[in-house]
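As the structure is a prediction and not an experimental result, all values here were calculated from the model. Numbers for residues simply follow the sequence, beginning at 1.
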Amino acid sequence: MTDGTVNHISGGVFFGFVVQGRTVNLTLPDRPDPALAGLPRQSATFAGRHTELEQALAALAPVSPDEMAGTLVVTGLAGMGKTELVLQAAHRALREENWFPGGVLFVDLHGYDTKRKVSPKRALGTLLRALGIPPEYIPPGLEDRALIYRSALGALAAAGRRVLVVLDDVPATGKIRHLLPSDGRTATLVSSRHSLAELDALVLTLRELPTDGGRELLRDALHTSLPEDSRVAAEAGEADRLVALCGGLPLALRILASLLLDLPTRPLSHLRRDLEDAHSRLSVLSRERRAVTAAFQLSYRRLTKDQAKLFRLMSLQPGPDFSTEAAAQLFGESLEQTEGLLQDLARRHLVEPRAPYGRWRQHSLVRFYARERLMSGDDPWGQSLMRLLAHFHKTTTLATEMLFHPEIPRPTAEAPFTDRAEALRWLEAERHSLVAAALWAHRADDDLMCVVLAAPVSQFLMEMRYLEDAGRVLTVGIRSSRKRKDGFREAALLSSLGVVLRDMRKLRKSVRVHHRAIKICRRLKKRRALGSALNNLGLSLHEQREFEAAVAAHAEAAQLFKRTGDWIGVVRALSNVGETLIELGRAEEAARALRKAAKVFRNQGDLHGYSQALGSLARATCDDGKAEQAVELHQRALNMPDGLLIPHERAIELSNFAGTLTTAGEFEAALNAQQEALGTFRRLGDRRGEAMTLGNMALVRQRQGQWNKAIRLHTLALEAFLAGKDDHGMADEFRSLACALLQQGCNSEALENLELAADLYRQTGDAKRAVDVLDFVDQVRRRIGVGMRPFSRAEGPAAI
């Protein structure tokens with residue numbers, strides 16, 4: 001006999017104590033009860049999320065003994081495909097050998113549906129029953145249930161039967177922690193509309209599908225039910241437009257697929273036309289019980305009063321994104337309160353934070369939903385919108401004044417920006433919103449707001465080379481000023497539009513618009529405004545190579561400015577006269593005018609004008625044969641503190657500086673300056689500036705005797721001149737290319753280019769150069785005919 005009794009129990013995993021005899025043995029099954037915890041079926045259509053799926057699987061893969069298994073939270077806006085991604089990942093993981101031999105526990109918490117919501121306590125009861133715990137042994141308290149649940153999962157993992165826990169549609173509540181394993185080896189997949197940052201989990205945030213992913217989803221959804229359906233392939237462009245109209249939201253695309261399946265002969269273009277109506281888009285995105293509106297409604301109902309109000313008002317933002325400051329103007333409360341509410345909405349993915357921090361956006365369909373809620377409520381949104389537009393006008397005016405007129409003193413209290421760089425950053429960040437605000441004001445017949453917005457907004461757009469946007473803003477501003485019978489503002493905006501058209505190389509139209517502005521100013525007897533209009537006309541005439549007429553316009557402008565006591569206006573006109581005199585070959589006369597302008601700019605504290613005058617003076621000095629002195633003037637212009645902040649102006653000065661360096665024989669320094677200028681012109685989309693710089697780089701290569709490189713650069717310059725609509729520049733380039741080709745012995749091709757150059761010179765009214773080129777053609781033909789090597793006639797670098 002022995003002193004004790006020993007029992008050996010097998011056939012299960014036991015946790016806690018086991019009572020034998022007439023009581024119950026608690027054992028855990030090999031796998032959870034599929035009737036209670038089975039994984040729902042995944043969709044046969046899965047597209048556009050393959051990268052995210054691989055990331056999820058990497059997080060679920062078994063870990064080494066010294067690593068801890070974690071929780072993966074898949075989060076995002078309602079309808080973004082969170083549940084589908086979780087199911088796809090779970091099914092894939094369960095098929096992997098030895099990943100989850102213990103099976104899966106799945107529970108849908110319906111976290112945002114008040115009627116179907118499952119509490120953590122109730123969910124634990126379901127999970128414990130799935131683990132084989134009889135109902136009578138499941139404790140009533142949340143904490144006790146969580147203790148048994150975690151112990152059971154830990155025991156299964158220790159026995160080599162690791163379980164995957166999947167928690168779908170989890171709400172934002174601290175009690176959700178009770179559903180998370182604690183053994184360090186059991187993996188958990190969570191989906192939620194809330195960020196759930198408090199869980200210390202790996203977060204995978206789903207964004208809208210890209211165009212190709214959305215098209216793939218639409219195509220696969222149709223093929224699953226109708227394998228012969230070819231509508232997406234046949235109307236690929238329409239499919240891409242549908243994806244855009246749905247904002248890449250998978251739920252919306254699946255609803256569209258269902259609508260297309262209902263009517264197999266319905267073209268995608270027909271559905272696209274229905275969706276393009278913003279007022280009915282959400283109603284179109286509905287089929288039986290599936291609707292985008294219903295998905296958003298569940299999130300909206302859980303918002304507090306202030307959160308819901310801000311959510312509705314955000315739909316009034318005119319641009320694609322918005323700042324905290326702009327949101328505060330709409331909401332009518334402090335920045336701090338507004339920022340806190342935006343953070344709350346971001347945690348629910350009803351707004352999305354953007355970079356840099358402080359900017360936000362709403363998904364397009366969420367915005368439509370918010371607008372519906374706003375229009376059906378009693379928010380005083382008209383007052384909110386007026387606050388925002390007034391804020392845009394005031395801040396844009398201050399920013400453009402600081403950026404383009406830093407010499408004007410202002411009270412410190414009026415300056416929201418510490419320097420010009422900060423003003424520029426604000427304008428760049430708000431650019432799309434400012435354009436949209438001006439266009440909205442015109443459509444809403446708020447003509448005064450449209451006009452006062454158009455002036456500062458268009459000035460920024462013009463200077464930064466956003467020419468298409470500048471043209472749109474100026475056009476609506478002109479129409480609104482006419483409706484208000486405000487001739488003064490109409491003339492000012494017309495004059496600005498003429499500058500935009502000049503920069504777009506629509507020179508004839510530019511001159512016509514300037515003459516309209518001048519006519520209004522003469523009628524109103526506004527001498528200062530007339531001076532500005534004439535000065536701008538002179539710039540367009542200069543580009544048309546009507547140099548004498550340009551000088552006359554600038555001279556008249558200078559007289560008008562002098563009569564009104566506007567000395568800055570006088571020297572600006574004087575600077576423009578100097579620029580035109582350079583083109584006329586009157587370098588010494590141009591230098592005198594530009595030296596006088598530079599002196600006045602400096603005395604008036606206008607560093608911006610001073611640096612531009614120095615750059616022009618450098619060109620005149622170089623043309624006068626003083627290259628070393630010109631180099632020093634260019635360097636002073638480029639190094640002016642707070643002078644050439646505007647990228648386009650700096651690129652022009654760099655390109656002209658490079659021309660002077662080439663004349664001085666400093667070829668490598670010239671190429672370095674041209675490379676920097678070329679990068680800026682390309683970034684700003686200035687094809688003419690790009691063409692000029694490429695052509696000047698080619699001339700440097702000619703001076704270095706690198707003919708193949710020169711020919712390649714000239715060819716690129718010709719392509720850019722063609723896109724930049726500069727026929728005279730093309731003529732210069734054909735002539736320079738011909739010289740490089742002659743050096744390579746390509747005589748026939750060179751003669752063809754020279755004849756093209758002569759023809760273009762004639763078309764642009766430059767008869768002298770046309771004759772010079774034809775004389776050169778005759779010389780080349782004679783020299784070729786007697787077997788002599790032709791000589792180069794490449795001229796110096798072109799100025800921009």
### Query
Got a donor-acceptor contact below 3.5 angstrom from the Thr400 side chain to the Thr396 backbone?
yes
### Task
Please report the shortest heavy-atom distance between Ala677 and Leu654, naming the atom on each side.
CB-CB, 4.0 Å
### Message
To the closest 0.5 Å, what do you measure between CD (Glu339) and CZ (Phe331)?
### Response
13.5 Å
#### Entry: Main-chain N/O of Gly477 paired with Ser481 side-chain donor or acceptor, under 3.5 Å
yes
### Message
Quick check on Gln763: does its CD atom have over 12 non-hydrogen neighbours (other residues, nucleotides or ligands) under 6.0 Å away?
### Response
yes
### Nearest heavy-atom neighbours spanning Leu574 and Lys596
CD2-CD, 3.7 Å
### Query
Are the side chain of Thr564 and the backbone N or O of Phe561 linked by a donor-acceptor pair below 3.5 Å?
yes
### Expected output: side-chain Ser384 to main-chain Leu330 donor-acceptor under 3.5 Å
yes
### Backbone N/O of His393 and side chain of Thr397: donor-acceptor pair under 3.5 Å
yes
### Side-chain heavy atoms of Leu403 within contact of Leu427, under 4.5 Å
yes
### Message
Run Phe392 and Glu430 through side chain to side chain contact (heavy atoms under 4.5 Å, CB included) and show every step you take.
### Response
CA-CA 9 Å; Phe392 278 156; Glu430 297 291 359; 4.0 Å; yes
### Query
Nearest heavy-atom pair of Ser616 and Ile582: which atoms, and what distance?
O-CD1, 3.6 Å
### Task
Search all heavy atoms of Asn535 against all heavy atoms of Ala557 and return the closest pair with its distance.
N-CB, 3.8 Å
### Task
Carefully, step by step, assess Asn576 and His542 under the rule side chain to side chain donor-acceptor pair (under 3.5 Å).
CA-CA 9 Å; Asn576 292 333; His542 178 108; over 6 Å; no
### Lys/Arg N to Asp/Glu carboxylate O, Arg361 vs Glu352, below 4.0 Å
yes
### Summary
Here the pair of heavy atoms bringing Ala437 nearest to Pro318 is N-CB, 3.9 Å
### Message
Looking at Phe311, is its backbone amide N or carbonyl O close enough to the side chain of Ser315 to form a donor-acceptor pair, meaning the two atoms are under 3.5 Å apart?
### Response
no
### Query
Do the non-hydrogen side-chain atoms of Lys509 and Met504 ever get within less than 4.5 Å of each other?
no
### Query
Roughly how far, to the nearest 0.5 Å, is CG of Leu493 from OG1 of Thr475?
10.0 Å
### Message
Could you check whether any side-chain heavy atom of Arg687 comes within less than 4.5 Å of a side-chain heavy atom of Asp726, counting everything from C-beta outward?
### Response
no
### Message
Can a side-chain donor-acceptor contact be found between Asn536 and Ser495 if the only test is distance below 3.5 angstrom?
### Response
yes
### Message
Using the rule given for side chain to side chain contact (heavy atoms under 4.5 Å, CB included), can you reason through His554 versus Glu579, listing the C-alpha separation, both sets of side-chain angles and the distance that settles it, and then say yes or no?
### Response
CA-CA 11 Å; His554 291 313; Glu579 290 273 358; over 6 Å; no
### Task
Using modelled atom types only, decide if a donor and an acceptor are shared between the side chain of Arg359 and the backbone of Arg354 within a distance under 3.5 Å.
no
### Task
Compare all side-chain heavy atoms of Cys246 with those of Leu275 and state whether any distance is below 4.5 angstrom.
yes
### Query
Okay, side chain of Glu490, backbone of Asp486: is any donor-acceptor separation there less than 3.5 Å?
no
#### Entry: Pairwise distance CG(Leu530) to CZ(Arg563) - rounded to 0.5 angstrom
9.5 Å
### Message
Run Asp321 and Trp360 through side chain to side chain contact (heavy atoms under 4.5 Å, CB included) and show every step you take.
### Response
CA-CA 6 Å; Asp321 63 359; Trp360 316 81; over 6 Å; no
#### Entry: Closest non-hydrogen atom pair, Ala613 against Ser575
CB-OG, 4.3 Å
### Task
Please assess Glu556 against Arg522 for the test salt bridge (Lys or Arg N to Asp or Glu O under 4.0 Å), listing each intermediate value before the final yes or no.
CA-CA 13 Å; Glu556 185 180 354; Arg522 292 193 192 279; 3.2 Å; yes
### Message
For Asp503 and Arg688: C-alpha separation, side-chain torsions, deciding distance, then whether salt bridge (Lys or Arg N to Asp or Glu O under 4.0 Å) applies.
### Response
CA-CA 9 Å; Asp503 289 344; Arg688 182 170 180 264; over 6 Å; no
### Message
Using the rule given for salt bridge (Lys or Arg N to Asp or Glu O under 4.0 Å), can you reason through Arg312 versus Asp379, listing the C-alpha separation, both sets of side-chain angles and the distance that settles it, and then say yes or no?
### Response
CA-CA 9 Å; Arg312 294 189 298 269; Asp379 294 304; 2.6 Å; yes
### Interatomic spacing from CG in Leu365 to CD in Glu208 - rounded to 0.5 Å
10.0 Å
### Task
Find out whether the Lys NZ or Arg CZ of Arg431 is both under 6.0 angstrom from the six-membered ring centre of Tyr466 and within 45° of the ring's axis.
yes
### Task
Identify, with sequence neighbours excluded, every residue that meets side chain to side chain contact (heavy atoms under 4.5 Å, CB included) alongside Leu335.
Thr324, Glu325, Ala328
#### Entry: Arg572 and Asp566 ion-paired at < 4.0 Å
no
#### Entry: Donor-acceptor contact present, side-chain Ser458 to main-chain Ala455, <3.5 Å
yes
### Task
Give the ring-plane orientation class for Trp426 versus Phe417, where under 30° counts as parallel, over 60° as perpendicular and anything between as tilted.
tilted
### Message
Pairing donors with acceptors under 3.5 angstrom, does anything connect the side chains of His634 and Asn656?
### Response
no
### salt bridge (Lys or Arg N to Asp or Glu O under 4.0 Å) between Lys483 and Asp445, worked out
CA-CA 9 Å; Lys483 288 169 64 178; Asp445 293 325; 3.0 Å; yes
### Message
Can you confirm if the NZ or CZ of Arg373 lies within 45° of the ring axis of Tyr369 and under 6.0 Å from the centre of its six-membered ring?
### Response
yes
### Message
Suppose we call two aromatic rings close when their centres sit under 6.0 Å apart. Are His608 and Phe404 close by that rule?
### Response
no
### Any side-chain heavy-atom pair of Leu434 and Asp469 under 4.5 Å
no
### Message
Within this structure, what is the CE-CG distance for the pair Met314 and Leu374, rounded to the nearest 0.5 Å?
### Response
10.0 Å
### Message
Nearest 0.5 Å, please: how far is CD in Glu733 from CE in Met730?
### Response
9.5 Å
#### Entry: His728 side chain vs Leu760 backbone, donor-acceptor pair below 3.5 Å
no
### Message
I'd like to check Leu424 versus Arg420 (side-chain heavy atoms, cut-off strictly below 4.5 Å). Are they in contact?
### Response
no
### Query
So do the side chains of Arg528 and Leu560 get within less than 4.5 Å of each other, counting heavy atoms only?
no
### Query
Does one side chain, of Tyr761 or Asp727, offer a donor that lies under 3.5 Å from an acceptor on the other?
no
### Query
Quick one: are Asp732 and Arg769 in side-chain contact, heavy atoms under 4.5 Å?
yes
### Test log, rule side chain to side chain contact (heavy atoms under 4.5 Å, CB included), inputs Glu690 and Leu716
CA-CA 9 Å; Glu690 177 187 348; Leu716 291 173; over 6 Å; no
#### Entry: Glu468 atom CD: more than 12 heavy-atom contacts under 6.0 Å
no
